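Notes follow once the structure below has been shown.
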Number of protein chains: 2
Amino acid sequence: MSDLFPKKGHDHDRCVHSALAQAEKVCDRENARFTDMRRKVFTLIWQSHKAVTAYELLDALTAEGQRVQPPTVYRALEFLTELGLVHRIESLNAYFGCDRPDCEHLGQYFICTDCGRVAEAVNEDMSNAVRKAARSVGFTIQATTVEIKGLCHDCATH
Amino acid sequence: MSDLFPKKGHDHDRCVHSALAQAEKVCDRENARFTDMRRKVFTLIWQSHKAVTAYELLDALTAEGQRVQPPTVYRALEFLTELGLVHRIESLNAYFGCDRPDCEHLGQYFICTDCGRVAEAVNEDMSNAVRKAARSVGFTIQATTVEIKGLCHDCATH
DNA sequence: TCAGAAAATGATATATTATAACATTTCATC
DNA sequence: GATGAAATGTTATAATATATCATTTTCTGA
Ligand SMILES: [Zn+2]
Ligand SMILES: [Zn+2]
Ligand SMILES: [Zn+2]
Ligand SMILES: [Zn+2]
């Protein structure tokens, strides 16, 4: 069993640092501007392995001394999601940093209802099952939402 | 290819009638009261094969001459979803009538972005892929959300 | 280098979705 | 019919999201 969720006590600064580096690359490739505000929002999202709501981001920015309004946050989120740097978790109205923004994928999200952590999987079995089911009913896929709530291994065993 | 979506011009009164009959049975079995309000909300949801928002229901009830407040609608929706008579579509913040409320299932929802119709599938390939993926990462499933947006066969071909 | 255009952000207002809290009514049971 | 539980009514407000227009920043090309 390979745990998708990060180990407790892992070097989280490294997660953040690596995510920032990837984001830079993607923005560069797409000729998109990774502005201060976008970087701040992106970094805040990566401060945990949980999904973060727009208003939590707003509060965090306010706490940092910025005076920021909802549209500013939503714009940053729109930018980040369109580039695939961040995914929206529909069942939580919240946002989660992608750790493989460099390649297109249909992601699936495991959401622990105990610790609140989220993990993204890119599981071809699931993707293929969805694609096959769509094909069998003549449905043309534009986007998928696969969100699985339950207990992560840590929370189930401790 | 079997189309999940109902044929144009099908006898929709029959859909509604059959859904009501099933709902009666489920409520009966569960010793739950299918009150006027719950029946009205349920029927309104079944007026189309689209997902309906809480405030659309509120407006429809108001148009019918009822003076209804949000909590009334949300309570009816909570009741209906807990009994499995209605499913919530997370990516639309909207509600959709289940046509097999008599048996437990992990449903998947196809949502046409052109005509707005929704179809529920209960596809074992998809369910099994999700269960298998969860097992392989030690995750204990409590609930799943599988929503697939795109074009239904009618909309893709016409 | 600077004018003009485009992109991003600021600011204000408001729309949409959802729930908390307490009062009243309805309904099953005795 | 009295009683308690369930359902609904009522009021207020919380949480999530967007529309619109003003201003600032950045890019582009003369
Ligand atoms: Zn980390
Ligand atoms: Zn957990
Ligand atoms: Zn029908
Ligand atoms: Zn369609």
Side-chain angles (χ1 to χ4, degrees), chain A residues 23-24 26-28 30-45 50-62 64-83 85-96 116 145 147, chain B residues 23-24 26-45 50-62 64-83 85-96 111 116 145 147:
Chain A
E24 307 264 17
V26 169
C27 287
D28 214 39
E30 302 293 325
N31 260 306
R33 293 193 217 154
F34 201 40
T35 61
D36 271 7
M37 183 56 66
R38 290 162 178 175
R39 176 187 306 268
K40 265 179 196 152
V41 168
F42 182 80
T43 306
L44 284 169
I45 289 173
K50 303 182 184 182
V52 186
T53 70
Y55 280 79
E56 285 170 352
L57 293 166
L58 192 58
D59 291 347
L61 287 165
T62 302
E64 283 183 5
Q66 303 253 328
R67 230 183 347 279
V68 165
Q69 300 301 320
T72 301
V73 173
Y74 280 103
R75 282 174 189 142
L77 288 170
E78 186 186 11
F79 172 87
L80 295 170
T81 50
E82 294 212 333
L83 252 71
L85 297 173
V86 157
H87 299 298
R88 176 178 163 85
I89 309 296
E90 297 291 349
S91 63
L92 299 176
N93 296 329
Y95 300 82
F96 183 69
T145 299
E147 296 170 6
Chain B
E24 307 265 15
V26 168
C27 288
D28 214 41
R29 193 189 67 208
E30 302 293 326
N31 262 306
R33 293 193 217 153
F34 201 41
T35 62
D36 271 7
M37 184 54 67
R38 290 162 178 176
R39 177 187 305 270
K40 265 177 197 153
V41 168
F42 183 79
T43 306
L44 284 169
I45 289 173
K50 303 181 183 180
V52 186
T53 69
Y55 279 79
E56 285 168 352
L57 293 166
L58 192 58
D59 291 346
L61 288 165
T62 303
E64 283 183 5
Q66 303 251 332
R67 230 186 345 280
V68 165
Q69 300 300 321
T72 300
V73 174
Y74 280 102
R75 282 172 189 145
L77 289 170
E78 186 186 12
F79 172 88
L80 295 169
T81 49
E82 293 212 333
L83 252 72
L85 297 173
V86 157
H87 299 299
R88 177 179 161 85
I89 308 296
E90 297 291 349
S91 63
L92 299 176
N93 296 331
Y95 300 84
F96 183 70
I111 302 164
T145 299
E147 297 170 5

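So that the names make sense, note that chain A is the first sequence line, chain B the second, and so on, each numbered from 1. Since we're looking at a predicted model, the values are computed, not measured.
Here the rule is side chain to side chain contact (heavy atoms under 4.5 Å, CB included) with B:Val68, and of B:Leu57, B:Val41, B:Leu61, B:Asp59 only B:Leu61 fits it.
Between B:Tyr55 and B:Leu58 the shortest side-chain heavy-atom distance falls below 4.5 Å. Put simply, the side chain of A:Val26 reaches to within 4.5 Å of the side chain of A:Leu85, judged on heavy atoms.
B:Arg75 comes within contact range of at least one nucleobase, with a heavy-atom separation under 4.0 Å.
Place B:Tyr95 and A:Arg38 on DNA chain C by their nearest nucleotides, and A:Arg38 ends up nearer the 5' end. Positionally, the nearest nucleotide of DNA chain D for B:Thr35 lies more toward the 5' end than for the other of A:Arg33 and B:Thr35. Toward the 5' end of DNA chain C, the nearer of the two residues B:Ala94 and A:Phe79, judged by each one's closest nucleotide, is A:Phe79. Annotation: of the two residues near DNA chain D, B:Pro71 and B:Asp36, the 5′-most nearest-nucleotide partner is B:Asp36.
A straight line from OH of A:Tyr74 to P of D:dT20 spans 18 Å, rounded to a whole angstrom. In this entry the distance linking CD of A:Glu78 with P of C:dA7 reads 14 Å, nearest Å. Here the P atom of nucleotide D:dT16 and the CZ atom of A:Arg88 are 10 Å apart, to the nearest Å. To the nearest angstrom, P of C:dT17 lies 14 Å from CD of B:Glu90. For the pair A:Asp59 CG and D:dT16 P, the interatomic distance rounds to 10 Å; values are reported in whole Å. Between B:Gln69 atom CD and D:dA14 atom P there is a gap of 17 Å when expressed in whole angstrom units. B:Leu80 has its CG atom 12 Å from the P atom of D:dA7, to the nearest Å. Here the P atom of nucleotide C:dA8 and the CZ atom of A:Phe42 are 17 Å apart, to the nearest Å.
Checked against D:dT18, D:dC27, C:dA18, the side chain of A:Pro70 finds its nearest nucleotide in D:dT18.
Other residues, nucleotides and ligands contribute at most 12 non-hydrogen atoms within 6.0 Å of the CZ atom of A:Arg67.
Applying the 4.0 Å criterion to OP1 and OP2 of D:dG9, one finds that B:Thr72 has a side-chain N or O inside that range. For B:Arg67 and D:dT8, the shortest distance from a side-chain N or O to OP1 or OP2 is not below 4.0 Å. Contact annotation: B:Tyr55 side-chain N/O to C:dT17 OP1/OP2 distance is not under 4.0 Å. For the OP1/OP2 pair of D:dA17 and a distance below 4.0 Å, the side-chain nitrogens and oxygens of A:Asn93 include at least one atom meeting the criterion.
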Exercise for review: Check step by step if side chain to side chain donor-acceptor pair (under 3.5 Å) holds for B:Ser91 and B:Glu147.
Suggested key: CA-CA 7 Å; B:Ser91 63; B:Glu147 297 170 5; 2.6 Å; yes
